[in-house]
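Reviewing the structure listed below.
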Amino acid sequence: MNKRKLLIENFIIYGLGTVLCNLIPFIMIPILVRIMPDSAYYMGINDLVNSVISLAAVVGLIGMYDALFRLFFDYKENDLVHKKEICSTALVLTVFFSSVCMLILIILRKQFSNLFFGTESLSYLIYICAVSVLVLNVKNIVMTPTRMLNQRIIYVIGNTLLPIASYGIAFLMVLSGSYILALPIGALLSSVLGVTYFGIANRKWFSIKQFNYKKVVPLLRIGVPLFPTFLVFWIYSSCDKVMILQMKGANANGMYAVANKLAAISQLVTTAFTSGWSYYNFATMKDEDRVKDFSKIIEFLFAIGIFIFGLCRIFGNEIMRILFTEQYENTGNTFAYLFLAPIVFMVYQLLGSQFLLIKKTIYGTFIACVGVVLNIILNYIWIKKYDIVGAGVATVVSYLFIVLLAGTILYKKKMIYINKREYVLVIFLGIFVGLEFANSNIVLRIVFWLLMELIILILYKNDIKSELLRLIKR
């Protein structure tokens, strides 16, 4: 299959699944916010519940998802025995480590409750977190064959039904007054349905009889070096929330959580692209011109992200006021930076995927560890000085830093080309952030934004023209 066609088809199909998946929370979150009394508090607590689950899930999964994805393609297409063994072994390891994490959460529930919620009175939520970790990780593994075999329709159906179930349950619980339990319980039951759905669809790939202890070491050899990377990225996505809670209080964390939920619409594109990319990346890893194609993809994604960021920054406050209540109006600037963050992170994910191809995942671990130190420092300084917007900017700056490091390593290994236009994009983004922190006049920022958008269009006019002509000819 033509490489461009393969990537575009995957992007469209997985994009449809991602759009449908994220459309539900995009519709439901504003509704729940308006129904809940003191919505900032409850949304903030739910966001912290997600942080606990994601932390323990990272530890319990121990890189098995990516290790399974990588080793699956080491075997020939008709080598079903070894493929079933690698799938089954990965599932057994995941259940074991996730069960350990579940027990640790239950035993230390008061300590975790104090750390994440600021009180022991919410320790009962840790029970939900503990069970959610095991169920979520099992779901992630049993759905992997769907992705590895590029079974896009099954993926789309599952990704559409699960969020409907999650938010449908949450909505009914909110109406009954169970504000604090609604979203966590909804998510847990949705994961149970996910295990059932993907477990039935992929049942032929998993069996306890297919467990092979000889596959344990190869899986751990790839998964374990990735584990610190995922742990580090948990810090990227969740440390700011804990620090906001400690420095600014639960309501501020709730405001940040709502802005973050809305900003997740950028993940409609990023998740769709990375979902389609996984199969494309491994399927084309031996092509001669893959470096040239890969370099163009990285550059175009980065340019598109910065272009859209300018729009979000200028109109962010108005968007928040319309969708939510006036209480959230001033979180528009936070929303803009949180919108850009997943796009920059997606660029890093694509760069990091090249380390996986050459089985040098230790590079990703090193880069992530260096970047997270910067992230913690910037969060500590900027949350104190600039409130929740400081956390958003700290995330973007940290992601840009690791993109620079990963790009430099790949450039030296001749696995990527860097176009001069990319330097221009980084410089303009830096100036824009500088104007933000300098509290410059809004008119000046709008003028600079228009100038930035115009320059991006000029830089890429030939590429835009060629793509438009290609579409017209089709």
Side-chain angles (χ1 to χ4, degrees), residues 3-4 6-7 10-11 63 65-75 148 218-233 236 270 273-306 342-375 396-427 429-430 463:
K3 289 183 295 181
R4 180 188 291 268
L6 174 63
L7 183 58
N10 275 3
F11 177 76
Y65 177 86
D66 291 84
L68 173 56
F69 216 116
R70 177 63 183 87
L71 292 178
F72 190 87
F73 285 91
D74 273 353
Y75 302 107
M148 293 188 296
L219 282 167
L220 293 177
R221 187 180 293 127
I222 292 178
V224 171
L226 289 172
F227 161 67
T229 303
F230 294 137
L231 184 60
V232 162
F233 284 115
Y236 273 117
T270 60
F273 195 91
T274 52
S275 296
W277 176 262
S278 297
Y279 180 82
Y280 172 85
N281 189 39
F282 292 113
T284 62
M285 64 182 178
K286 296 179 181 179
D287 291 358
E288 293 181 0
D289 57 348
R290 75 175 314 280
V291 173
K292 179 181 178 182
D293 292 339
F294 175 70
S295 301
K296 284 186 177 180
I297 290 170
I298 292 293
E299 182 185 351
F300 291 158
L301 289 175
F302 194 51
I304 292 170
I306 294 179
I343 298 176
V344 179
F345 180 59
M346 176 183 66
V347 172
Y348 173 76
Q349 283 181 302
L350 300 189
L351 293 172
S353 70
Q354 306 311 290
F355 298 137
L356 189 58
L357 289 183
I358 59 175
K359 299 182 180 180
K360 296 290 185 181
T361 53
I362 191 66
Y363 286 125
T365 302
F366 168 74
I367 292 170
C369 289
V370 173
V372 81
V373 173
L374 175 64
N375 179 261
V396 171
V397 171
S398 301
Y399 284 167
L400 286 171
F401 178 72
I402 60 176
V403 164
L404 177 62
L405 285 181
T408 301
I409 293 174
L410 291 175
Y411 179 76
K412 290 187 176 182
K413 288 184 171 294
K414 298 181 180 180
M415 296 181 68
I416 191 174
Y417 304 133
I418 298 177
N419 194 301
K420 292 181 180 179
R421 295 182 298 190
E422 295 174 80
Y423 294 112
V424 176
L425 295 175
V426 173
I427 290 172
L429 182 60
D463 301 285

Between atom CG of L351 and atom CG of L410, what is the distance when rounded to the nearest 0.5 Å?
->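 L351 CG to L410 CG: 5.5 Å, rounded to 0.5 Å.
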
If you measure from OH on Y399 to CD on Q349, what distance do you get to the nearest 0.5 Å?
->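 It is 8.5 Å, given to the nearest 0.5 Å.
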
Who passes side chain to side chain contact (heavy atoms under 4.5 Å, CB included) against [X], sequence neighbours left out?
| X | answer |
| --- | --- |
| F401 | V370, L374, L405 |
| L404 | T408 |
| I409 | F355, Y363, I367, K413 |
| V373 | I377 |

What is the minimum heavy-atom distance between [X] and [Y], and which atoms define it?
| X | Y | answer |
| --- | --- | --- |
| A67 | G223 | CB-N, 3.9 Å |
| G371 | I402 | CA-CG2, 3.7 Å |
| V347 | V403 | CG1-CG1, 4.1 Å |

With Y348 via ring pair (Phe, Tyr, Trp, His ring centres under 6.0 Å) - residues at least two apart |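 With sequence neighbours excluded, Y348 shows a ring pair (Phe, Tyr, Trp, His ring centres under 6.0 Å) to F233, given in chain and number order.
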
